[in-house]
Amino acid sequence: TTSSSNPTTGTVQTFLSDPPTCSMDFSHVYVTITKVEANISATSNSGWQTLVDLSGNPQQVDLLSLNPTATPGFCGTLYMLGKTALSPGKYQQIRLILLANNASTGPANDACGKGNGWNCVVPTGGSATELQLSSQAQTGIKIPASQIANGGLTVTAGQSTDLNIDFNTCASIVQQGNGQYRFKPVLHAGEVSTNSNSITGKVVEGAGSPNPGMGIPNAIVLLEQPDGSTPPVDRVILSGLTGPDGSFAFCPIASNASGNFDVVVAGTTTQTIASLTTT
């Protein structure tokens, strides 16, 4: 029996997030998750450790409607998948495994409907359509060290670590020439903090516009930070849509994030002059 005063494992809580920047194109994007795993090795395909095991009860989630109230203390839209004890170390690979569309059984309350698999998209104004998978149901969606903040997830004995897996739904769904949708997932991961570390602001119409100072809703806002390359390249860390009054909040920020950030508004029209304030 291990003494509680000398713990040999750390606790990892795994969350899922996705900023709904595709909400104008899709009403819903459903994926069904069976397992999340981590690997200390950056290259090996063996030695995977389980972070979340949902194989007995696959979890279908709508990436565009993740429940922010599921994780009190966070101001972002984080959805908790589960938590587990894990041996200490720096885990340099994460992978997320989805339920195959042709699986004989799945979630009882399947939102995709019969004939649309267990993973599907609902285009705005349309009906559910199967989201075709490549190898995600067999080998999983791998997140390498280059797409994990700080190059990996560090687990310390006796401490709790919160891991967030962030989907970029906009870049992950490809409409093919035959009208079908294929899933080519773009994911990032990193440790997050439950503190109030955040960047907030508001996008408003600027001077010279018809309504100076009025908030601009549904504007795409990107949080970028230079990487370590030479010369540095700005990388998108988080993204989201402004609220009805033009406000936005990037929270939580990765616990190891530091330095300068760039907040970029990706305008959808050339008719409005926008200005930006942040705190």
query = So, for Ser27 and Thr124, which heavy atoms are closest and what is the spacing to 0.1 Å?
reply = OG-CA, 3.5 Å
ask   = Got a second to check how far Thr32's OG1 is from Leu54's CG, nearest 0.5 Å?
value = 10.5 Å
ask   = Taking Asn116 for the side chain and Thr129 for the main chain, is one N or O donor matched with an acceptor at less than 3.5 Å?
value = no
query = Checking Gln147 side chain against Leu187 main chain: does a donor-acceptor pair fall under 3.5 Å?
reply = yes
remark   = In short, Cys112 meets Gly117 closest at the heavy-atom pair CB-O, 3.3 Å
message = Walk me through whether Val221 and Val263 qualify under side-chain contact (heavy atoms from CB on, under 4.5 Å).
response = CA-CA 7 Å; Val221 186; Val263 179; 3.6 Å; yes
message = Strictly by side-chain hydrogen bond (donor to acceptor under 3.5 Å, both in side chains), give each pair with a member in residues 85-100 just once, sequence neighbours left out.
response = Glu37-Arg95
task = Check the pair Leu16, Leu96 against side-chain contact (heavy atoms from CB on, under 4.5 Å), reporting the backbone distance first and the verdict last.
result = CA-CA 11 Å; Leu16 192 67; Leu96 186 147; 4.3 Å; yes
task = Identify which one of Ile165, Leu81, Val52, Leu99 satisfies the side-chain contact (heavy atoms from CB on, under 4.5 Å) criterion when paired with Ile33.
result = Leu81
ask   = Can you tell me if Thr34 uses its side chain to pair, donor with acceptor, with the backbone of Pro58 under 3.5 Å?
value = no
CG on Asp62 to NE2 on His28, rounded to 0.5 Å = 6.0 Å
task = Would you give the length of the straight line joining atom CD1 of Ile141 to atom CG of Leu133, rounded to the nearest 0.5 angstrom?
result = 8.0 Å
message = Ser55 vs Asp53, test: side-chain hydrogen bond (donor to acceptor under 3.5 Å, both in side chains). Steps then yes/no.
response = CA-CA 6 Å; Ser55 53; Asp53 188 357; 2.6 Å; yes
query = In terms of hydrophobic clusters joined by side-chain contacts under 4.5 Å, are Phe183 and Tyr30 together?
reply = no
ask   = Going from OG1 on Thr14 to CG on Leu153, what distance comes out if it is rounded to the nearest 0.5 angstrom?
value = 8.0 Å
key: By ring-ring contact (aromatic ring centres under 6.0 Å, His included) - contacts of His188 (at least two apart)   = none
task = Measure from the side-chain N and O atoms of Asn119 to the backbone N and O of Gln132, and report whether any donor-acceptor pair falls under 3.5 Å.
result = no
ask   = Do any N or O atoms from the side chain of Ser172 and from the backbone of Val186 form a donor-acceptor pair under 3.5 angstrom?
value = yes
request  = Taking the side chain as every heavy atom from C-beta outward, state whether Thr50 and Thr84 have any atom pair closer than 4.5 Å.
outcome  = no
message = Using every non-hydrogen atom in the two residues, find where Ala100 and Trp118 come nearest and quote the distance to one decimal.
response = O-CD1, 3.0 Å
query = Atom CD1 of Ile94 and atom CD1 of Ile148: how far apart are they, to the nearest 0.5 Å?
reply = 4.5 Å
hydrophobic_cluster_shared for Tyr181 and Val122, side chain cutoff 4.5 Å = no
query = Taking a hydrophobic cluster as the set of Ile, Leu, Val, Met, Phe, Trp and Tyr residues connected by side-chain heavy atoms closer than 4.5 Å, whether directly or through intermediates, do Leu86 and Trp48 fall within one such cluster?
reply = no
ask   = Quick one: does Arg182's side chain have a donor or acceptor within less than 3.5 Å of a partner on Ile173's backbone?
value = no
Atom CG of Asn109 with >12 non-hydrogen neighbours under 6.0 angstrom = no
ask   = Which residue pairs satisfy the salt bridge (Lys or Arg N to Asp or Glu O under 4.0 Å) criterion with at least one member in residues 111-133, sequence neighbours excluded?
value = none
message = Testing the 3.5 Å rule here: is there a donor-acceptor pair between the side chains of Asn45 and Lys142?
response = yes
request  = Enter the distance from Lys83:NZ to Thr161:OG1 here, rounded to the nearest 0.5 Å.
outcome  = 12.5 Å
ask   = How close do Gln60 and Pro107 get, heavy atom to heavy atom, and via which atoms?
value = CB-CG, 3.9 Å
message = If you compare all heavy atoms of Phe26 against all heavy atoms of Leu64, which two are closest, and at what distance to 0.1 Å?
response = O-CD1, 3.3 Å
request  = Might you point out which heavy atoms bring Ala157 and Thr8 nearest each other, and give the distance in Å?
outcome  = CB-C, 4.2 Å
